[in-house]
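Computed from heavy atoms alone, side chains included, the values below leave out hydrogens, waters and symmetry copies.
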Amino acid sequence: MSQLKVYNSLTRQKEAFESITPGHVGMYVCGPTVSGESHLGHARPFITFDIVYRYLLHLGYKVRYVRNITDAGHFEEEGREAEDKISSKAILEKLEPMELVQKYTNLYHWAMLQFNNIPPSIEPTATGHIVEQIVMIEKIIADGYAYVANGSVYFDVAKYDADFSVKGSPYGMLSGRILEDMQEGSRELDNQEEKRNKADFALWKNAPPEHIMRWVSPWGEGFPGWHIECSAMSTKYLGQQFDIHGGGMDLQFPHHECEIAQSTVCNHKTPARYWLHNNMITVNGKKMGKSYGNQIKLTEMFSGNHPALEQAYHPMVIRFFILQTHYRSTLDFGNEALKATEKGLKRLWEAYTTSQEMNVGNNHAAADAALDEKVRKLVEQFDEFMNDDLNTAKVVANMFELVPVINGIKDKHIAADAISTNTLSLLQRQLKVFVEDIFGLKSEEEYNNDGKLDGVIQLLINMRKEAKDKKDYVTSDKIRTELAALGIQLKDDKDGNISYSFA
RNA sequence: GGUCCUGUGGCCGAGAGGCUAGGCAGAGCUCUGCAAAAGCUUCCACAGCGGUUCGAAUCCGCUCGGGACCUCCA
């Protein structure tokens, strides 16, 4: 089998993946800031890296997957002005800051569950690692790469760049920018006068009196800077250098760039070997994000309760929508596209279910050698495509090519012995592995079916069958029509059975 | 202004020198008591203009369009 290759943002090319410790992988992914509700755009990295996680497990690695929760510091409430930090929001809602954070953390966890994302091995919080962050900042100061100003601490980017460029780690190495180029276009920010250079970034911020979230530090009461938590927590749980660091492309600069600088000063090596970045979800070609006010919250996606939505979309539909494109391409949101995904997923899932119930028979020689070969190839390519920078889109395309074959066998349109037992069982096995274990798809029915419903529907199906046998089409059509009105679709199969699905 | 990405059929999207994915929608047919589902067939592409090449959607140049980052951001 081919070897896994991933596109490394650091080197701008696909590279063979080799873990530092054979058999083990350490992966860090930037998690959410829990000052507000997650939106559709947030779903992408968490689903993308869930696939990465699942695929690495499939390859047999033991993976420690760390995904943080940013619940402290300097961040903004969605839809509010810049100065409206978590603290003032808390006052408005008469909530403790941690109460607010808890609320959105719970909501986030709920959404992750809806998507069938496997929880990370460790989910550290920024507030739980204030000490680690302070220790790290002290080390950076001691090494001379940070300075204190009015109770805040800033990272000295110019000095870092000068000293580490010669060691092969210039500031900007990840995002491909050169320090001098960046000076001109940057805008005015608060407290710029405290910084020696515009490019310097905060490691620790002095807390103004009204800021409720504050901790004692060697520099006075304040809160950690925007980037230090990831450096502190990834080092703590994954070591000075680990295998994969993931996140959205918009985090590449400055967030990941700053992480590299901080960690490199402390640990003398680039923190992660492979940097993976997923692209954005767009709306009419524009990134879905705070700044554009075009985001659709996940609760709205699931309920359909948003002006831009023509209907509700099931979490599995969204998951599949994301899988149908390569993670490094933008993905344009649209009702038409989502509906197409919904229909496609339904067709795929039904064929998948059929494939798992199929009797593989016992014939060694395929009657239709060409078809047998085609099926085998389509299945074998699953691994090949995933190994090529996790190309889920191509795997999905192959799965769809297998659908007519599966349905054809079911309908007896394709002879039972056309495909060998070997190939059929390979198909069964690999479909299950990829559909359920790696893609993490699951039946929509599982969400709202407690088992009793199935019994009731089977009863109605039997009644319809009896009516049909008696040519009592009035009764049989009534059962079918009224169930359809409830969103349950009956289908007369070729073999005389009746199956159903939820519309 | 700087750095970088991108432009594929009605829509969403793979592909990245020759074999021209896939899904949805449209059209026709088959099966069926009817319908649905399913199956089969089919229409519709590589922004424009040049260049390289035996051959370009794919490489190069220009033009036009879209976008990301440089500020919190997945």
Side-chain angles (χ1 to χ4, degrees), chain A residues 12 29-33 35 38-49 74-78 82 85 172 175-178 180-190 198-199 226 246-255 257 277-282 284-292 295 320-321 324-326 328-348 350-351 354 385 391-401 403-404 406-408 410-411 413-414 468 471 473 476-477 480-481 484 489-494 499-501 503:
Chain A
R12 288 150 193 271
V29 174
C30 288
T33 300
S35 62
S38 297
H39 60 75
L40 179 60
H42 294 110
R44 189 151 195 204
F46 303 137
I47 289 172
T48 298
F49 288 101
H74 181 98
F75 42 72
E76 299 160 14
E77 175 62 29
E78 284 173 20
K85 304 298 186 296
S175 53
R177 40 197 96 209
I178 297 156
E180 292 99 71
D181 294 343
M182 290 162 36
Q183 312 292 350
E184 296 155 26
S186 60
R187 287 192 212 169
E188 289 303 318
L189 294 170
D190 294 342
K198 266 189 174 175
W226 321 326
M249 264 182 189
D250 50 353
L251 292 181
Q252 213 175 73
F253 189 91
H255 184 60
E257 206 69 75
H277 292 100
N278 62 275
N279 215 317
M280 304 291 106
I281 285 180
T282 58
N284 297 321
K286 267 216 158 54
K287 172 187 168 185
M288 183 179 285
K290 275 186 203 174
S291 328
Y292 304 104
Q295 68 278 54
F320 194 56
F321 182 57
Q324 269 185 301
T325 172
H326 185 83
R328 284 192 291 113
S329 300
T330 55
L331 172 57
D332 204 46
F333 161 86
N335 281 286
E336 216 180 328
L338 258 320
K339 282 183 197 169
T341 298
E342 185 180 69
K343 284 200 168 187
L345 175 59
K346 191 176 165 199
R347 196 161 83 95
L348 179 65
E350 282 171 18
T354 304
F385 292 157
N391 201 327
T392 56
K394 289 183 95 170
V395 175
V396 169
N398 272 25
M399 285 177 177
F400 272 116
E401 291 207 58
V403 167
I406 293 165
N407 286 332
K410 185 192 179 195
D411 291 349
H413 182 257
I414 293 172
K468 274 185 69 173
K471 297 214 190 301
Y473 295 124
S476 69
D477 285 357
R480 186 176 67 194
T481 312
Q489 185 185 54
L490 297 188
K491 291 177 286 195
D492 296 345
D493 295 338
K494 287 269 158 53
S499 59
Y500 73 91
S501 65

So that I can tick it off, tell me whether A:E342 and A:R347 are bridged by a salt bridge, with the cut-off set at under 4.0 angstrom between side-chain N and carboxylate O.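 Salt bridge absent between A:R347 and A:E342.
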Nearest-angstrom distance, [atom1] atom, [N] to [M]:
N	M	atom1	result
B:rC54	B:rG39	C1'	42 Å
B:rA14	B:rU20	C1'	12 Å
B:rG2	B:rC73	P	26 Å
B:rA47	B:rA35	P	42 Å
B:rC4	B:rG61	P	13 Å
B:rU42	B:rA21	P	13 Å
B:rA36	B:rU30	P	14 Å
B:rG55	B:rC19	P	14 Å

Hey, does [X] reach any base, or is it just sugar-phosphate, or nothing, if we go heavy atoms under 4.0 Å?
X	answer
A:H277	nothing
A:M399	nothing
A:E401	sugar-phosphate
A:A397	base
A:V395	nothing
A:K286	sugar-phosphate
A:T330	sugar-phosphate
A:G41	base
A:F49	nothing
A:G408	nothing

May I have the distance from [X] (atom [atom1]) to [N] (atom [atom2]), rounded to whole angstrom?
X	N	atom1	atom2	result
A:L348	B:rG13	CG	P	19 Å
A:E342	B:rG22	CD	P	22 Å
A:F333	B:rG67	CZ	C1'	18 Å
A:L490	B:rA36	CG	P	14 Å
A:L251	B:rC72	CG	P	11 Å
A:N335	B:rA25	CG	P	15 Å
A:K290	B:rC73	NZ	P	7 Å
A:Q324	B:rA21	CD	C1'	12 Å

Counting side-chain heavy atoms from C-beta on, which of [options] comes nearest to [X]?
X	options	answer
A:P254	B:rU71, B:rG2, B:rA74	B:rU71
A:H413	B:rG39, B:rA25, B:rA74	B:rG39
A:N391	B:rG15, B:rC70, B:rG39	B:rG15
A:K287	B:rA74, B:rG13, B:rC70	B:rA74
A:L331	B:rG13, B:rC11, B:rA74	B:rG13
A:K394	B:rA14, B:rC72, B:rA37	B:rA14

Run the side-chain contact (heavy atoms from CB on, under 4.5 Å) check on A:R44 and A:T325 step by step: do they pass? CA-CA 11 Å; A:R44 189 151 195 204; A:T325 172; 3.8 Å; yes
Using a 3.5 Å distance criterion without hydrogens, assess whether the side chain of A:D332 forms a donor-acceptor pair with backbone atoms of A:G285.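 Answer holds: yes.
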Is there a donor-acceptor contact under 3.5 Å from the side chain of A:E257 to the main chain of A:G172?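 Yes; judged by distance alone, with no hydrogens or angles, the pair exists.
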Both distances below 3.5 Å, Watson-Crick or wobble geometry, any strand: find the nucleotide opposite [N].
N	value
B:rG39	B:rC29
B:rG61	B:rC49
B:rG9	none
B:rC69	B:rG2

Check the side chains of [Y] and [X] for a donor-acceptor pair under 3.5 angstrom, ignoring hydrogens and angles.
X	Y	result
A:T341	A:Q324	yes
A:S175	A:Q252	no
A:S329	A:N279	no

Residue-phosphate contact under 4.0 Å: [X] side-chain N/O, [N] OP1/OP2:
X	N	answer
A:N407	B:rG39	yes
A:Y292	B:rG67	no
A:R347	B:rC24	yes
A:K410	B:rA38	no

Pairwise distance CG(A:L490) to OG1(A:T481) - rounded to 0.5 angstrom: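 So the CG of A:L490 and the OG1 of A:T481 are separated by 9.5 Å.
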What's the separation between atom CG in A:D250 and atom CE in A:M280, rounded to the nearest 0.5 Å?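 Interatomic distance, A:D250 CG to A:M280 CE, rounded to 0.5 Å: 4.0 Å.
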Below 3.5 Å between N/O atoms, which protein atoms pair up with nucleotides 30-34 of chain B? Just atom names and distances, please.
unit_1 : atom_1 : unit_2 : atom_2 : d
B:rG33 : N1     : A:D477 : OD1    : 3.0
B:rG33 : N2     : A:D477 : OD2    : 2.8
B:rC34 : O2     : A:R480 : NH2    : 2.7
B:rC34 : N3     : A:R480 : NH1    : 2.8
B:rC34 : N3     : A:R480 : NH2    : 3.2
B:rC34 : N4     : A:R480 : NH1    : 3.3
B:rC34 : N4     : A:D492 : OD2    : 3.1

If you assign A:R12 and A:A393 each to the RNA chain B nucleotide with the nearest heavy atom, which residue ends up on the more 5' nucleotide?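 By nearest-heavy-atom nucleotide position, the 5'-most residue is A:R12.
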Let me know, please, whether A:P404 or A:P45 comes out on the 5' side of the other along RNA chain B by nearest nucleotide.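 Comparing both residues, the 5'-ward one is A:P404.
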Any side-chain heavy atom of A:P32 within less than 4.5 Å of one from A:F46?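 Yes - at least one pair of side-chain heavy atoms lies under 4.5 Å apart.
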Side chains of A:F333 and A:N284, heavy atoms from C-beta outward: is any pair under 4.5 Å?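 The answer is no, as the side chains (C-beta and beyond) never meet within the 4.5 Å cut-off.
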Assess whether one donor atom and one acceptor atom, taken from the side chain of A:K339 and the base of B:rC11, lie less than 3.5 Å apart.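 There is none.
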Side-chain-base donor-acceptor pair under 3.5 Å for A:S291 and B:rC72: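 Flag set: donor-acceptor pair detected.
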